[in-house]
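So that the names make sense, note that chain A is the first sequence line, chain B the second, and so on, each numbered from 1.
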Amino acid sequence: MLPVSCEAYKLIHEGAIALAQVEADGIRVDRKYLRAEITKVSIDIANAVCRIKEDKIYRLWIRRFGKQANIGSRQQLGKILFEDMGLECCQRTQTGRPAITQETLQDTKLPFVVDYLQYQKLIKVRSTYLYGILREVDPDGFLHPFYNLHIAQTYRSSCDSPNFQNIPVRDEQMMQMVRRAFLPRPGNQLIEVDYSGAEVASATCYHHDPTMVEYIVNPAKDMHRDMSRFCYMLKKSDVDKKIRGCGKGMFVFSQFYGSYYVKNAIALWDAIDELGLCKPDGTSLHKHLRRKGIRERGACTGGEPPAPKTFEAHIKAVEDYFWNDLFPVYAQWKRDWYAEYLRTASFETLTGFRFEGALDRKKVINYPIQGTAFHWLLWSLTQVVNKELAKAKMRTRVAGQIHDSIVSDGPPEERDDYLALMNHIMTKAIRDHWTWIDVPLTIDADVAPVGAPWSEKAKYKME
DNA sequence: TACTTCGGCGCC
DNA sequence: AAAGGGCGCCGAAGTA
């Protein structure tokens with residue numbers, strides 16, 4: 001930890017005090033629900049195991065491993081599928097073995113993997129989440145996760161015992177099963193406030209690309225929708241939520257974090273079938289791309305340049321456009337920032353923290369952006385926890401923090417005051433504190449009904 | 001038995 | 001030239 005200014009030191013000091021308060025207050029958990037759900041999930045797991053054992057593949061499994069056969073062993077499954085059955089596995093692990101992942105299993109197209117993946121999901125929910133949370137609940141029914149400021153290389157926080165920062169949310173089934181366990185105190189409601197596009201805004205404070213500023217300032221513009229359109233050669237109106245999500249995750253953020261067109265092309269192409277991506281009239285995007293002259297994905301080997309008229313070649317063109325035409329200033333900043341690092345062997349965040357030592361290019365670009373975005377959240381947390389809640393004599397308490405969001409537990413009559421306070425701290429006061437924040441910051445809020453679990457949170461309109 | 005490493009996967 | 005940043009937790013498998 002290398003804070004290079006009094007102000008940077010103060011952020012960590014006051015941040016630690018705020019997080020200690022969050023840890024002490026904790027979050028209420030429904031133990032009865034957890035115990036009942038563990039029983040329920042255990043039955044579902046037993047049923048899934050039965051279905052797996054009825055499959056032909058399990059007979060091969062027994063023949064090959066006999067008494068050692070273990071459904072939980074990915075290594076064994078890999079040997080059966082990719083050695084005995086001779087199926088193709090297009091991903092390797094670090095040590096060169098076939099990678100047995102959700103993706104490579106799905107690629108086999110075997111009916112067996114549907115049951116197997118459901119089984120694995122339930123195992124994950126039961127062990128990491130249901131048991132993992134229940135084990136840490138205190139005698140009063142509260143959870144007190146630890147928030148660390150001395151672990152992450154980026155100057156972010158981390159969280160453990162249990163990790164409150166990786167509770168399922170994207171998978172609807174897992175989200176329901178796990179978030180149902182988190183409750184507000186009696187008579188209260190849970191609220192989650194998060195920075196919109198925190199890392200994009202943080203990055204822009206470094207590179208100042210005018211096109212990115214325009215995307216942030218103008219609510220009518222949408223970078224993810226635009227890039228989704230270009231990747232799949234669609235009209236603006238053809239981009240639905242699913243397609244936009246693919247462009248965002250498989251192109252834009254991948255590119256920001258240092259991935260490249262070959263990986264993007266594979267992910268975006270496979271997503272068409274896996275997620276059933278269609279135009280509004282029901283045309284599959286594969287068919288749509290064929291009409292645009294793209295019939296194949298391309299070799300995607302990374303060795304040779306992509307063959308013409310392949311999807312790979314198209315995504316390479318999108319990548320060139322993205323960095324050379326759309327965000328040239330961002331691209332130049334990346335080159336300059338890295339060159340300066342090579343010269344000095346160090347760099348600093350805008351919030352006043354230094355990095356030293358051997359780091360690769362991707363880390364040199366990503367660390368300051370990630371750390372700075374978190375420091376916005378941490379500063380906001382110090383204001384609300386250490387100062388404003390007490391000053392306003394409010395009963396609302398912060399229950400947790402997830403990198404760019406703050407979860408609170410408070411009485412409904414304080415809800416609108418709390419949201420107004422958070423909006424003031426997170427979007428206005430912070431820009432007086434750090435005047436180098438030269439893009440507007442905005443927040444979103446999710447609110448669960450009074451007495452309802454975290455699984456029932458829904459978008460909340462703030463005035 | 002206790003510990004470490006690996007592969008995998010949950011979140012931002 | 002290379003090719004996804006950061007975490008914590010789990011079970012399996014290997015080692016002491």
> In whole Å, what separates the P atom of C:dA3 from that of B:dG10?
Replying inline: 25 Å
> If you look at every strand shown and take non-hydrogen atoms under 4.0 Å, does A:V169 touch a base, only sugar-phosphate, or nothing?
Replying inline: sugar-phosphate
> Any side-chain heavy atom of A:T104 sitting closer than 4.5 Å to one from A:T108?
Replying inline: no
>> Using the rule given for side-chain contact (heavy atoms from CB on, under 4.5 Å), can you reason through A:F311 versus A:E296, listing the C-alpha separation, both sets of side-chain angles and the distance that settles it, and then say yes or no?
In response: CA-CA 6 Å; A:F311 189 64; A:E296 290 167 31; over 6 Å; no
> Roughly, in whole Å, what's the span from CD1 in A:I133 to C1' in C:dC10?
Replying inline: 14 Å
> Do we see A:Y257 stacking on the base of C:dG5, given a limit of 5.5 Å between centres and 30° between planes?
Replying inline: yes
> What's the shortest heavy-atom distance between A:C89 and A:A99, and which atoms?
Replying inline: SG-O, 3.3 Å
> Heavy atoms, side chains only, cut-off 4.5 Å: are A:S346 and A:Y341 in contact?
Replying inline: no
>> Could you check whether any side-chain heavy atom of A:S157 comes within less than 4.5 Å of a side-chain heavy atom of A:F374, counting everything from C-beta outward?
In response: yes
> Got A:W454 and A:E192 here, is their nearest side-chain heavy-atom distance under 4.5 Å?
Replying inline: yes
Under 3.5 Å, which N/O atoms of the protein pair with N/O atoms of nucleotides 7-9 of chain C?
residue: C:dC7; atom: OP1; partner: A:Q153; partner atom: N; Å: 2.8
residue: C:dG8; atom: OP1; partner: A:S158; partner atom: OG; Å: 2.8
residue: C:dG8; atom: O4'; partner: A:N163; partner atom: ND2; Å: 3.0
residue: C:dC9; atom: OP1; partner: A:S161; partner atom: N; Å: 2.9

>> How many whole angstroms separate atom CZ of A:F253 from atom P of C:dG6?
In response: 16 Å
Can you check nucleotides 13-16 of chain C for protein contacts, nitrogen or oxygen pairs under 3.5 Å, and list what you find?
residue: C:dA13; atom: OP1; partner: A:S73; partner atom: OG; Å: 2.6

> Starting at the 5' end of DNA chain C and moving along, which residue's nearest nucleotide shows up first, A:K363 or A:E319?
Replying inline: A:E319
>> Between P on B:dG8 and CG on A:L117, what's the gap in Å once rounded to a whole number?
In response: 13 Å
>> Please identify which of these residues, A:K79, A:R63, A:R64, meets the side-chain hydrogen bond (donor to acceptor under 3.5 Å, both in side chains) condition with A:D84.
In response: A:R64
> Rounded to the Å, how far apart are A:Y119 OH and C:dC10 C1'?
Replying inline: 12 Å
> Is A:R180 positioned over the aromatic face of A:Y33, cation under 6.0 angstrom from the ring centre and no more than 45 degrees off axis?
Replying inline: yes
>> Between P on B:dG10 and CE on A:M174, what's the gap in Å once rounded to a whole number?
In response: 5 Å
>> What I'd like to find out is whether the side chain of A:L377 reaches to under 4.5 Å of the side chain of A:Q401, using heavy atoms alone.
In response: yes
>> Taking the ring of A:H224 and the ring of A:F253, is the distance between their centroids below 6.0 Å?
In response: yes
> So which of residues 85-111 of chain A are in contact with DNA chain B, with a heavy-atom cut-off of under 4.0 Å?
Replying inline: A:T93, A:Q94, A:T95, A:R97, A:A99, A:I100, A:T101, A:Q102
> In whole angstrom, what separates A:D360's CG from C:dG4's P?
Replying inline: 10 Å
> Could you give the CG-to-P distance, from A:L268 to C:dG4, as a whole number of Å?
Replying inline: 15 Å
> Can you name the nearest heavy-atom pair linking A:R179 to A:I167, along with the distance?
Replying inline: NH2-O, 2.9 Å
> Under the 3.5 Å rule, do the base of B:dC11 and the side chain of A:R170 count as making a donor-acceptor pair?
Replying inline: no
>> Rounded to whole Å, please give me the gap between OH in A:Y338 and P in C:dA2.
In response: 12 Å
>> Go through it in stages, so that I can follow the logic: the residues are A:D438 and A:R431, the test is salt bridge (charged side-chain N to carboxylate O under 4.0 Å, His left out), and I'd like the CA-CA distance, side-chain angles, deciding distance and then a yes or no.
In response: CA-CA 8 Å; A:D438 49 9; A:R431 296 190 60 188; over 6 Å; no
